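Numbered from 1 within each chain, the chains take letters A, B, ... in sequence-line order. Remember, predicted model here, so these are calculated numbers, not experimental data.
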Amino acid sequence: MLQKREKVLLLRTFQGRTLRIVREHYLRPCVPCHSPLCPQPAACSHDGKLLSSDVTHYVIPDWKVVQDYLEILEFPELKGIIFMQTACQAVQHQRGRRQYNKLRNLLKDARHDCILFANEFQQCCYLPRERGESMEKWQTRSIYNAAVWYYHHCQDRMPIVMVTEDEEAIQQYGSETEGVFVITFKGILNVNKHRAQIEAFVRLQGASSKDSDLVSDILIHGMKARNRSIHGDVVVVELLPKNEWKGRTVALCENDCDDKASGESPSEPMPTGRVVGILQKNWRDYVVTFPSKEEVQSQGKNAQKILVTPWDYRIPKIRISTQQAETLQDFRVVVRIDSWESTSVYPNGHFVRVLGRIGDLEGEIATILVENSISVIPFSEAQMCEMPVNTPESPWKVSPEEEQKRKDLRKSHLVFSIDPKGCEDVDDTLSVRTLNNGNLELGVHIADVTHFVAPNSYIDIEARTRATTYYLADRRYDMLPSVLSADLCSLLGGVDRYAVSIMWELDKASYEIKKVWYGRTIIRSAYKLFYEAAQELLDGNLSVVDDIPEFKDLDEKSRQAKLEELVWAIGKLTDIARHVRAKRDGCGALELEGVEVCVQLDDKKNIHDLIPKQPLEVHETVAECMILANHWVAKKIWESFPHQALLRQHPPPHQEFFSELRECAKAKGFFIDTRSNKTLADSLDNANDPHDPIVNRLLRSMATQAMSNALYFSTGSCAEEEFHHYGLALDKYTHFTSPIRRYSDIVVHRLLMAAISKDKKMEIKGNLFSNKDLEELCRHINNRNQAAQHSQKQSTELFQCMYFKDKDPATEERCISDGVIYSIRTNGVLLFIPRFGIKGAAYLKNKDGLVISCGPDSCSEWKPGSLQRFQNKITSTTTDGESVTFHLFDHVTVRISIQASRCHSDTIRLEIISNKPYKIPNTELIHQSSPLLKSELVKEVTKSVEEAQLAQEVKVNIIQEEYQEYRQTKGRSLYTLLEEIRDLALLDVSNNYGI
Amino acid sequence: MAGLELLSDQGYRVDGRRAGELRKIQARMGVFAQADGSAYIEQGNTKALAVVYGPHEIRGSRARALPDRALVNCQYSSATFSTGERKRRPHGDRKSCEMGLQLRQTFEAAILTQLHPRSQIDIYVQVLQADGGTYAACVNAATLAVLDAGIPMRDFVCACSAGFVDGTALADLSHVEEAAGGPQLALALLPASGQIALLEMDARLHEDHLERVLEAAAQAARDVHTLLDRVVRQHRAELRGGHRLVLGAGFPAADPAHLHVGERHGLHHGGGAVCGRRPCPGFCPGLRRPPQEVGGSASGLA
């Protein structure tokens, strides 16, 4: 008999009113189950198709799965699918007629082993939607409930798998009923950059709840198994049986030679799979190069369709149809992928725009930007209209209302900033003073960017999109317009500025923090110091005073008094910083240096700015104050908004990533304890070879590589234990101190302001991001940060290559250098060149199968022979019995050359020319590393300038102009120097010819 | 949002019924004491109340009196809250008038009007909640009310609607199905004879399909009859039980022949006329007849 139920629906009419509608809903005891296992076939009265009886389990897709992945469910290989009526209705209502008709046809198709179960008309399966329950939750609940009923209806004889994407559902129902499994399974495809043709890896996102023995990545071997997925796609993989598993290749090889599957022993087999579906495509704009003329001809006369090669090795060639192939030959071009037919080896795309000539600096830089999806169009008029005005005619002034609201520190505090020389965007200043009760007051004052950037204004939206300022090797792209970044938000000396301050009251002796105050202030920075000058003052060397412009116009007496005041402040500050630092270390902290040094010492950085980053104590002092400020702000905003604060976490690294580091250290006789950040820091400190400082540097950079990146996150989406910052050993950390160049800091500033008004029981102005929005924003910022890092690295590499490009490696002395082996592969070694900070591979076996050998004069030659690889050494034996062995951390002499590549970026090639350390006549030069490069270069430049009879001043002016244009904050760049050299060379020739 | 699928591939309608299935019907007779006859019916979510007065003398202008038969006066109205959106429907709007006329035609065909010349029978129907098939609900409610009033009829009048979707005839359309705009047919049937009291359809439907839709509606009307018949019997049983208690005070419950009260619910299948409860001396010859036992013929239905 039918049972009557009523469903109450709330509909919205076209006029926007809500309408309460009651609909009847009839339930019946018997709904056809279409299963051959049905115990009462008469009652169920099956007509139409039945599920086949030879399946091992039935699959019930959740509504979301049916909506999004119907194409996958359409595969005839998938059998025993039960579509629940609830899921079908979700498709009908939310996905439209077209997809619903596809589903209907699927159900009608007799060849396809799937049925519909009308669960909502079955009296035991129907669940009324509860008050306040969301549609999605109700649908998932209904489907699960129906799955359980179905399982029992078939007398528990057939296991049922419910496939869902809803993590909560998996947790809630996963283990509720035996025989009904709730799973999900997907990951992100990562293509190996160096073996693009063969290897790709899939990192699992959420492993299924009931088989979690798979922890490592899954190898996807070959293009076919990759099944048209492209680097970055979210894919579904199928694991192959164990006997088909493969290992990853450990031999070195080059990109262009067609991976003649090196028969050498691959590592032990790892889980191997193949892609069965792409859940989310991650296509973006790709930079490509057209094939050169000869290649076009070899492709046949079918010139309408052309295969172009992407700049990124990981992307397959793209087929586009154009008739401009010949004109576009020498350009870098942006294309977009449109489709990839299942019958095609290559995807189809279309031409979008031209970036620039191949090899041209602007073109190559544009390439890097596009490849990292960085868009840097100038700020629009609407955005600039929101900016305050500060011109000589109408100078910007502190407004009286703000003066009332803010705490005025202009008279009471000595505020100063310490930054690199020539820095324009000063976002942090410091102050320290003695209070009346004898205690100390330490203040960190950060530029108040949020005062100028209102939430959701045009400029705010633009800054959010950019998320960070991008620093390339020779230029930078600002997050905020220069009127803010270099002027009104820059805490320059001698002008009034708005700031957000944190002030701690410290005990005079123990430096214990007694009180903390957060708030908006007005400050006037007294001195804009640079690091070197501050260090000199700290060391008691007062001669640098002449370099500080603020002191120039003072008479001797007041100068002396002011100077004493400043020196005291810097000294006190350093003292406090030391103390805070010691406390952090005492808590079991990893030395900040452990992380920071590596970032600073990183090869890219060294080349990036040729000014040496000599670790001065002042650096550390400023950094420590900033960390302290960040830490306290993190605590504050987390306390006020436990579910929607933006913090920064640094998850502890996986131990297995440290194995290479441990083995390398063992080769040198050191033991690295990686159990905690404290032990790691200590053992890294101990691992110091007195004869070779580079060993420690290499070990530290290896340790950094083993660690994961620090990330922004929203506190609502993470458990509190996960907030920890491993590198800094702080329980809570955020970014607060650079709002001019990081959007995350702007968000944190707003949070802090809201927290302050919350404390004062004032209404919170503007709405803050909810946890979900913040989570989304964090993901965006993290992504942009990574793009910024990549683009910086790639641009540095570009400059390195341009530097070596015009040199003839055979004759130029500069191309020969000292290298250190830091890793060993089956057919070569990885080298680090301290002088240029370059890392690269050198082969011990060339393409013709010849191996390296070193004669008595230790010069290398190629001879037939074989290689033998050991744990920490590699031996090359020639057929005539000579052998040469390379150990880890051996110094060798290498020749640097450039391997030009038309379609991709140029790469640096290293070639071992001797197994002895490189010696040049003036030996003291090699022991000092990169600092020399600059002076060397500059000397050379000036010399050649004189030789070319050019007016020095003109050149300097040009540099000045460029300096102005790009707003370099770090002095002359390598690029301007390189350009000079190139120009000189050209002029030289013309002189010869012309005169 | 895609349009609703009125009939799924599996043969289910939006509310879970199959094509020929009726909505749940619940009815009650005698809900109003001061009226001569009254009934309340629910067909799914369509709810209607019918009240009958009469037969009585002509009210108002005497000129309206018919010399040979009774005047059947039907008035239809629907409550302002009967639909989802509250709408004020003044008395006597076009729709109500039309509905009143249709009801009048239906009941003129069913009631033995010639038994009551120069008199008037009033049937008032009010729809409390409209969820499709209002005409059918009104007719069914009015039938029960007329029965309750003891006015002789040829037979029950049972009404039901039917529609046509994707080559299938659907019985007893709900509001959702009506609103979809397909052809809809309303049928009032005298089930015993199979005579049609009223057939109404104002949409286009191919002649070839008419037969099927008509058959679906007729079958549904017969099903409705079964249910209504059950309601009437149940009501009679209740009354008998109740009156026994009353009668037990003075009269012996002896021969039902001279018990007017006990006679109220006699059903006369053979005679083709149905008698109501009212002892109407002079008007209702049927009452003078000895009651027939109804258990035998009705047992098949119950």
Okay, B:Asp131 and chain A: the region with an atom under 4.5 Å from a heavy atom over there is side chain
Heavy-atom proximity to chain A below 4.5 Å, by part of B:Arg23: both
Do B:Arg18 and B:Tyr12 pair up side chain to side chain, a donor and an acceptor below 3.5 Å, judged on atom types alone? yes
Between the side chains of B:His209 and B:Arg212, does any donor sit under 3.5 Å from an acceptor? yes
Side chain, backbone, both or neither: which part of A:Phe121 has a heavy atom under 4.5 Å from chain B? side chain
Does A:Glu24 pair with B:Lys24 as a salt bridge, N-O distance under 4.0 Å? no
Between the side chains of A:Asp62 and A:Lys64, is the shortest nitrogen-to-carboxylate-oxygen separation below 4.0 Å, so that they form an ion pair? no
